[in-house]
Amino acid sequence: NVIITAMAGEETATCDITVKPIPAEDIVVNVPEGDIAAAVEAEKAKVAKVGKITINLTEGAAYTVNSSIVAPAALVINGNGATVDASALDANMITTDAAEPAEWVTIDSIAVKDVTVKGLGKALYYSAIKNQNIQNFIVDNSVVEIVKDVTVFDFTKGSVAMNFTVKNS
């Protein structure tokens, strides 16, 4: 609660205001084609605070990613057999929100499923902050083609993945 006191001449008025945190809203981004990151940013702009992001790609469709997919919380990419051309991307494909928490923050999961990523020149995932605990990091039935000497999963800022699973990839 915040108490505000205002004075007008010799008159004083006091009011008690309750400040409530904005709840995070989960978003689902169904991307029929085109730039995945642009579609995610367009959906993120529609809510005050973003929670989990689920990205659904279309089976057999072709996509690009021209900027990082920034995830402030959990992220799931359901590729459904799609191919992503990351050759124009001069950044990490998936990164965490840049706002560093004062204390450890737990994220339920980051998952990349059923997708082929071609031409990746930087990390598939880069932890942009410290003090982040990812409970489950999953790469399932996916192919990632890197074109440079890169660290595919980069946790150098001090975050951790408690359970790291790469399956059929």
Side-chain angles (χ1 to χ4, degrees), residues 22-99 105-129 132-157 159-169:
I22 298 171
E25 292 183 55
D26 295 347
I27 60 173
V28 176
V29 185
N30 296 309
V31 189
E33 63 183 0
D35 184 1
I36 299 167
V40 170
E41 288 303 313
E43 288 299 314
K44 285 169 59 177
K46 295 177 183 178
V47 299
K49 184 176 180 183
V50 179
K52 177 181 179 179
I53 300 171
T54 301
I55 301 170
N56 295 315
L57 305 180
T58 302
E59 181 179 357
Y63 294 90
T64 59
V65 60
N66 295 315
S67 61
S68 295
I69 298 168
V70 180
L75 171 73
V76 176
I77 297 176
N78 294 313
N80 297 310
T83 299
V84 177
D85 179 357
S87 61
L89 180 63
D90 191 30
N92 302 300
M93 185 167 156
I94 302 167
T95 187
T96 49
D97 196 4
V105 172
T106 298
I107 291 178
D108 176 54
S109 66
I110 293 179
V112 178
K113 302 176 182 179
D114 302 312
V115 66
T116 297
V117 179
K118 293 187 172 194
L120 189 63
K122 292 205 174 184
L124 176 68
Y125 174 78
Y126 174 71
S127 175
I129 61 173
Q132 189 174 55
N133 174 10
I134 301 167
Q135 290 293 304
N136 298 291
F137 197 111
I138 303 162
V139 178
D140 186 13
N141 198 35
S142 296
V143 175
V144 179
E145 173 193 90
I146 56 173
V147 295
K148 295 180 182 176
D149 184 14
V150 299
T151 302
V152 179
F153 307 101
D154 192 341
F155 292 91
T156 56
K157 287 288 267 190
S159 293
V160 296
M162 298 302 292
N163 298 298
F164 190 89
T165 305
V166 177
K167 183 170 76 174
N168 299 325
S169 299

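Numbers here are sequence positions counted from 1. What you see is a predicted model, and the numbers here were worked out from it, not measured in a lab.
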*Asks:* Is it the case that more than 12 heavy atoms not belonging to Glu33 sit under 6.0 Å from its CD atom?
*Replies:* no
*Asks:* Looking at Ile129, is its backbone amide N or carbonyl O close enough to the side chain of Ser159 to form a donor-acceptor pair, meaning the two atoms are under 3.5 Å apart?
*Replies:* yes
*Asks:* If you compare all heavy atoms of Ala86 against all heavy atoms of Leu120, which two are closest, and at what distance to 0.1 Å?
*Replies:* CB-CD1, 4.0 Å
*Asks:* In Å, rounded to the nearest 0.5 Å, how long is the span from CD1 of Ile69 to CD1 of Ile77?
*Replies:* 4.5 Å
*Asks:* To the nearest 0.5 Å, what is the distance between CG (Leu89) and OG (Ser67)?
*Replies:* 7.5 Å
*Asks:* Any side-chain heavy-atom pair from Ile55 and Leu75 closer than 4.5 angstrom?
*Replies:* yes
*Asks:* To the nearest 0.5 Å, how far apart are CG in Asn136 and CZ in Phe164?
*Replies:* 11.5 Å
*Asks:* Kindly compute the distance separating CG (Asp140) from CG (Asn168), expressed to the nearest 0.5 Å.
*Replies:* 6.0 Å
*Asks:* Report yes if some heavy atom in the side chain of Asn92 is under 4.5 Å from a heavy atom in the side chain of Tyr125; otherwise report no.
*Replies:* no
*Asks:* For the CG atom on Asp26, are there more than 12 heavy atoms of other groups (residues, nucleotides or ligands in this structure) within a distance under 6.0 Å?
*Replies:* yes
*Asks:* Quick one: OG1 on Thr95 to NZ on Lys122, what's the gap to the nearest 0.5 Å?
*Replies:* 11.0 Å
*Asks:* Which atom pair, heavy atoms only, marks the closest approach of Val115 to Gly79?
*Replies:* CB-CA, 3.9 Å
*Asks:* Determine the sole option in Thr64, Thr116, Leu57 for which the side-chain contact (heavy atoms from CB on, under 4.5 Å) test with Val84 is passed.
*Replies:* Leu57
*Asks:* Name all residues meeting the ring pair (Phe, Tyr, Trp, His ring centres under 6.0 Å) criterion together with Tyr63; count only those two or more places apart in sequence or in a different chain, and write none if there are none.
*Replies:* none
*Asks:* Taking C-beta and beyond as the side chain, do Ile53 and Pro72 meet within less than 4.5 Å on heavy atoms?
*Replies:* yes
*Asks:* Would you give the length of the straight line joining atom OG of Ser87 to atom CG of Asn66, rounded to the nearest 0.5 angstrom?
*Replies:* 8.5 Å
*Asks:* State, to 0.1 Å, how close Phe137 and Val139 come at their nearest heavy-atom pair, and which atoms those are.
*Replies:* CE2-CG2, 3.9 Å
*Asks:* Quick check: do Asn141 and Lys113 have side-chain heavy atoms less than 4.5 Å from each other?
*Replies:* no
*Asks:* Could you check whether any side-chain heavy atom of Asn78 comes within less than 4.5 Å of a side-chain heavy atom of Thr54, counting everything from C-beta outward?
*Replies:* yes
*Asks:* Answer yes or no: is there a donor N or O on one side and an acceptor on the other, between the side chain of Ser169 and the main chain of Ser142, under 3.5 Å?
*Replies:* yes
*Asks:* Is there a side-chain contact between Asn133 and Met162 in this structure, where contact means two heavy atoms from C-beta onward sitting under 4.5 Å apart?
*Replies:* yes
*Asks:* Would you say Gln135's side chain and Ser109's backbone share a donor-acceptor pair under 3.5 angstrom?
*Replies:* no
*Asks:* Measure the shortest side-chain to side-chain distance between Val112 and Val117 over non-hydrogen atoms and say whether it is less than 4.5 angstrom.
*Replies:* no
*Asks:* Is the shortest side-chain heavy-atom distance between Lys52 and Val76 below 4.5 Å?
*Replies:* yes
*Asks:* For Lys44, what residues pass the side-chain hydrogen bond (donor to acceptor under 3.5 Å, both in side chains) criterion, not counting sequence neighbours?
*Replies:* Glu41
*Asks:* Identify the heavy atoms of Ile22 and Lys49 that sit nearest to each other, and give their distance.
*Replies:* O-CD, 3.2 Å
